[in-house]
Participant: 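Take this structure first; my questions come after.
Computed from a predicted model, the values in this text were never measured in an experiment. All values below come from the heavy atoms of this structure, side chains included, with hydrogens, waters and symmetry mates left out. Numbers restart at 1 for each chain; the letters A, B, ... are given by sequence-line order, proteins then strands.
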Number of protein chains: 4
Amino acid sequence: MANPDGNTAHAAPVEPPEPFAPPAARDRRPAPTARVGRPRDQTRDGDILDAARAELAEHGYARMTMAGVAARAGAGKATVYRRWPSKAELVIDTIACTGHGAPRLDDVPDTGSLRGDLAALRGLKHKDEGVWEALAGIAAELQHSPQLAAVADERLVRPRVAVVRGLLARAAARGELAPGLDLDLIAQVPAAMVACRLVMGREPVDAAFLRSLADDVLVPLATGCPAARERPEDRPAR
Amino acid sequence: MANPDGNTAHAAPVEPPEPFAPPAARDRRPAPTARVGRPRDQTRDGDILDAARAELAEHGYARMTMAGVAARAGAGKATVYRRWPSKAELVIDTIACTGHGAPRLDDVPDTGSLRGDLAALRGLKHKDEGVWEALAGIAAELQHSPQLAAVADERLVRPRVAVVRGLLARAAARGELAPGLDLDLIAQVPAAMVACRLVMGREPVDAAFLRSLADDVLVPLATGCPAARERPEDRPAR
Amino acid sequence: MANPDGNTAHAAPVEPPEPFAPPAARDRRPAPTARVGRPRDQTRDGDILDAARAELAEHGYARMTMAGVAARAGAGKATVYRRWPSKAELVIDTIACTGHGAPRLDDVPDTGSLRGDLAALRGLKHKDEGVWEALAGIAAELQHSPQLAAVADERLVRPRVAVVRGLLARAAARGELAPGLDLDLIAQVPAAMVACRLVMGREPVDAAFLRSLADDVLVPLATGCPAARERPEDRPAR
Amino acid sequence: MANPDGNTAHAAPVEPPEPFAPPAARDRRPAPTARVGRPRDQTRDGDILDAARAELAEHGYARMTMAGVAARAGAGKATVYRRWPSKAELVIDTIACTGHGAPRLDDVPDTGSLRGDLAALRGLKHKDEGVWEALAGIAAELQHSPQLAAVADERLVRPRVAVVRGLLARAAARGELAPGLDLDLIAQVPAAMVACRLVMGREPVDAAFLRSLADDVLVPLATGCPAARERPEDRPAR
DNA sequence: GAATAACCGAGACGGTACGTCAGGTCTTGCT
DNA sequence: AGCAAGACCTGACGTACCGTCTCGGTTATTC
């Protein structure tokens, strides 16, 4: 998947040694060996990603075209393909570099409770718009390309799951959690729920849903008892 | 989205209010107007949908071709396009008519416990092959077609969620469940987890995963305590 | 090429035993055997031919469609194909039946000289418009279908050549002709010249051309000396 | 009709005033504007035209397919359509570039008599294979495309007529010809006869026919007396 | 007069070519 | 050697037409 030369944009997709590593901004190694010839114009990467983001938002994955991205970026198609080997991977990186990437565990203050931590996470306002939509766009490709699936998992899914996993680890350290839980599995639940709802597009993924996801699913699941509600009135009437 | 004439294959796809409605065989109104000329060969619809389903499962949405569907159905492309105006709409109906294999609540014996019921559900061997793969294939289109999303939700997702929801209702009647849970939300968890794992294609959706999903996620979440294990050794060592 | 039943429109393409037979109006034998069942509606033939003629004039051979002919005739495609086995053959008969067919030798008065007879022939105003254009339309098919070529030759070319051949025979009887000529070959010259000019469409086939064809080609060729000009001024200045 | 850009393949196909102009190699103007980007691969033009010529001769216009042409040329359909906007226009240029085989007047030795010159012309073995077949193939299109007709006339018909016209001029200089003949018209006779016979496909265009055309039509017509036969026995018995 | 058989208009059917368009690669001339 | 431009091949798309087949209904001949 990576370019033959090591100069690719996501040559080492992130590979966090520790599971809670930051989402790893795309590394721009200035080239392992001093290459001859004209060096790459690093500014083109950003231009292309910006163009890709715009085209993606405007047309969606299926109707976005590489020629359109290149034209909007004022680049040639070869310049795009020199950096990303396929449309799917360009989209992955486009999304991975959206906003400031997935939230980092360090950014979530320790509120003293899992429920509080999750609320703090929700407050981070990481710009996830488009992440799951893009994943939906390339979903069909994932079936047939394990490499692409690996990259998508690495850059889109894993960082977001990892944050939740980290909060669960914090809670475990606090002794909040019920014993014998499969925290790795549990940590995947919120991402899966959000992704499915976004892909189906039938119900909004709004603050109420996210809170419900935390308070009605994750906290009860992890702690073994329904989340203590500070304000009973924020419990949605059903 | 539907066929131009009112003879659409999924004339009323979205409105079954009761969640356990049958998969709704495609209604074949005997023609609203007395048509002249050679009538449509109704058997071609089924042949084409079968072919489309097979091609979809085999190649995914992007790589499935209309010519391939027509050839597999022994039909001409015109016969396909006479019924569905585009590839996306053919897939809509293909999805809409898939799901006969969705398990029905009545098929799940009441074992006396949620955990047992879930195990029984897993044993039903419902014909889910290709359902989630098909969903992945059209995921990109869901963004731009509310109709497609509605049909996919109705035919693929909702019936499967509904069965779990029914088992949760049974458990609630037994008094197994912790109070104050959002059962509608909880019931979505397994489908979301399965769908995501299938789409990513990185880890298998095997019996062990499904059991873990039931015993390590759904039962603890619903009952407030980890599932009692009959055989401790089937608890995966972690 | 003919229909299996003898009821076809051009079942016995004409087969003039004597070479100067009339162009043979399409024979409508009332059926060799007394057939049971509903007889063909003979009026449909004329309607279809009229429609075909109109469509041919309007769109040309390539863009004329059988469905369009049938629709204009108020007939079904099957009714057309029951009478003519292909588009090409329908066009052949359409042309063969245009106007009152090719001129007949009997219609050309004996003026006492070949030159005069040819002038009389030109004055007959047979409606040949479209004959050679139609032949051009099916020219490509002729390459690959000897049967079609036979029909076209029989119904379109031969009758017109035969008239000239008849006039040459008259002239021979008068003793006008030079000895030792291949009259069958010579009789083909005018048709070939007209056909080529019409097909190429670059120069008009007008009265001047036809007169020049007779006076500057056929008469000199057949009689061995340039045609005596009654009016020298009608000799085109070149 | 020409390519949208001025880089057309037959930019000036019609204007050679002198009738014996060379077949006019397709002019390749080095591009009117300094184009950026990858330049057209000029070798593809020739490959495609060769393939088109072969397909045209093999299948005729109607059965020749653009996909077949592209495949035979080892090109993509887009490459063909980038150069010619339609099948008809590709055939126009194919015809325009065919005719290298047309004999030139200079190639016909002066034998001292019209009859001898015509025999020498027949012996030239010019590469006419496919020329008249191609003309037949596109005959239907000629009706609707003056450009196509112009090109076909210019490239296929006119050069061949011109050679005969040149031989007639030689004969006139020798004093062989009867006075007052329309040589331009007479020169068209052989081409018309050959074309018609080839299109009808009913009788072969063989050496005997060509000789008969010269000796029984053209020579008597031009000289006013039947061709003197060296060997009386080669006069066909009739 | 009823049965029969072929007709009729309408249009769906399988097939095939058309002309368009996108993805991903390669080739120019320039920097 | 990178870069912008764009030509290249591949292959799917959706449309149109041909010639065949099938429907429900009609109409003359035959028993």
Side-chain angles (χ1 to χ4, degrees), chain A residues 5 7 35-42 44 62-68 70-71 73-88, chain B residues 34-42 44 62-68 70-71 73-87, chain C residues 5 7 34-41 44 62-68 70-71 73-82 84-88, chain D residues 34-42 44 62-68 70-71 73-88:
Chain A
D5 61 319
N7 217 355
R35 306 287 292 272
V36 299
R38 175 178 174 179
R40 284 209 186 146
D41 181 351
Q42 304 291 9
R44 310 313 292 127
R63 287 180 250 296
M64 152 191 159
T65 70
M66 294 300 263
K77 286 172 63 177
T79 303
V80 178
Y81 277 102
R82 196 175 293 120
R83 288 163 165 78
W84 292 274
S86 71
K87 176 178 170 180
Chain B
R35 304 283 295 277
V36 296
R38 177 176 176 174
R40 295 259 173 97
D41 181 351
Q42 303 291 11
R44 313 312 292 127
R63 290 188 236 298
M64 153 190 161
T65 72
M66 294 300 263
K77 281 175 62 179
T79 300
V80 179
Y81 278 103
R82 196 174 293 119
R83 288 162 163 77
W84 293 274
S86 72
K87 177 177 169 178
Chain C
D5 61 317
N7 217 356
R35 305 286 294 274
V36 299
R38 174 179 176 179
R40 285 213 183 139
D41 181 351
R44 311 312 292 125
R63 287 179 250 299
M64 152 191 160
T65 71
M66 293 301 264
K77 284 172 61 178
T79 302
V80 179
Y81 278 103
R82 197 175 292 120
W84 290 274
S86 72
K87 176 178 171 180
Chain D
R35 305 284 293 276
V36 296
R38 177 177 176 176
R40 294 258 173 97
D41 181 350
Q42 303 290 12
R44 312 311 293 130
R63 291 188 234 299
M64 153 190 163
T65 70
M66 294 298 264
K77 282 173 62 178
T79 300
V80 178
Y81 278 102
R82 196 175 294 118
R83 288 163 164 77
W84 293 276
S86 71
K87 176 178 171 179

Participant: Just compare F/dG14, F/dA7, E/dG24 and give me whichever is closest to any side-chain atom of A/Ser86.
Facilitator: E/dG24
Participant: Could you state the CG-P distance from D/Asp41 to F/dC9, rounded to the nearest angstrom?
Facilitator: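 Computing the D/Asp41:CG to F/dC9:P distance gives 8 Å.
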Participant: Could you tell me how far apart C/Lys87 (NZ) and F/dC17 (C1') are, to the nearest whole angstrom?
Facilitator: 8 Å
Participant: If you find the nucleotide of DNA chain F closest to B/Ala62 and the one closest to A/Ala73, which residue's nucleotide is nearer the 5' end?
Facilitator: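 Nearer the 5' end of the strand: A/Ala73.
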Participant: Please tabulate the protein-to-nucleotide N/O contacts below 3.5 Å involving nucleotides 22-24 of chain F, giving atom names and distances.
Facilitator:
| from | atom 1 | to | atom 2 | distance (Å) |
| --- | --- | --- | --- | --- |
| F/dT22 | O4' | B/Arg38 | NE | 3.3 |

Participant: To the nearest Å, how far apart are B/Arg63 CZ and F/dT10 C1'?
Facilitator: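 Atom CZ in B/Arg63 sits about 14 Å away from atom C1' in F/dT10.
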Participant: So which nucleotide from F/dC3, F/dG19, E/dG24 ends up closest to the side chain of A/Met66?
Facilitator: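 Nearest listed nucleotide: E/dG24.
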Participant: Using a 3.5 Å distance criterion without hydrogens, assess whether the side chain of D/Arg44 forms a donor-acceptor pair with backbone atoms of D/Gly74.
Facilitator: yes
Participant: If only side-chain N and O atoms of B/Arg44 are considered, is one of them under 4.0 Å from the OP1 or OP2 phosphate oxygen of E/dG14?
Facilitator: yes
Participant: Are OP1 or OP2 of E/dT25 and a side-chain N or O of A/Tyr81 less than 4.0 angstrom apart?
Facilitator: no
Participant: Pick the nucleotide of DNA chain F nearest each of A/Gly76 and D/Val80; which residue has the one closer to the 5' end?
Facilitator: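 Mapping each residue to its closest nucleotide by heavy atoms, the 5'-most match is A/Gly76.
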Participant: Classify the nucleic acid contact of C/Gly74 as base, sugar-phosphate or nothing, counting any heavy atom under 4.0 Å across all strands shown.
Facilitator: sugar-phosphate
Participant: Starting from P on F/dT15, measure out to CH2 on B/Trp84 and report it in whole angstrom.
Facilitator: 15 Å
Participant: The side chain of C/Ala75 lies closest to which of these nucleotides: E/dG9, F/dC9, E/dC13?
Facilitator: E/dG9
Participant: Which one, F/dC8, E/dC8, E/dA12, comes nearest to the side chain of C/Lys77?
Facilitator: E/dA12
Participant: Compare side-chain N and O positions of B/Thr79 against OP1 and OP2 of E/dA12 and report whether any pair is under 4.0 Å apart.
Facilitator: no
Participant: Let me spell it out: for each of C/Ala70 and D/Thr65, pick the nucleotide of DNA chain E with the closest heavy atom. Which residue's pick is nearer the 5' end?
Facilitator: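 Nearest-nucleotide comparison on DNA chain E picks C/Ala70.
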Participant: Any side-chain N or O of A/Arg83 below 4.0 angstrom from OP1/OP2 of F/dC3?
Facilitator: yes
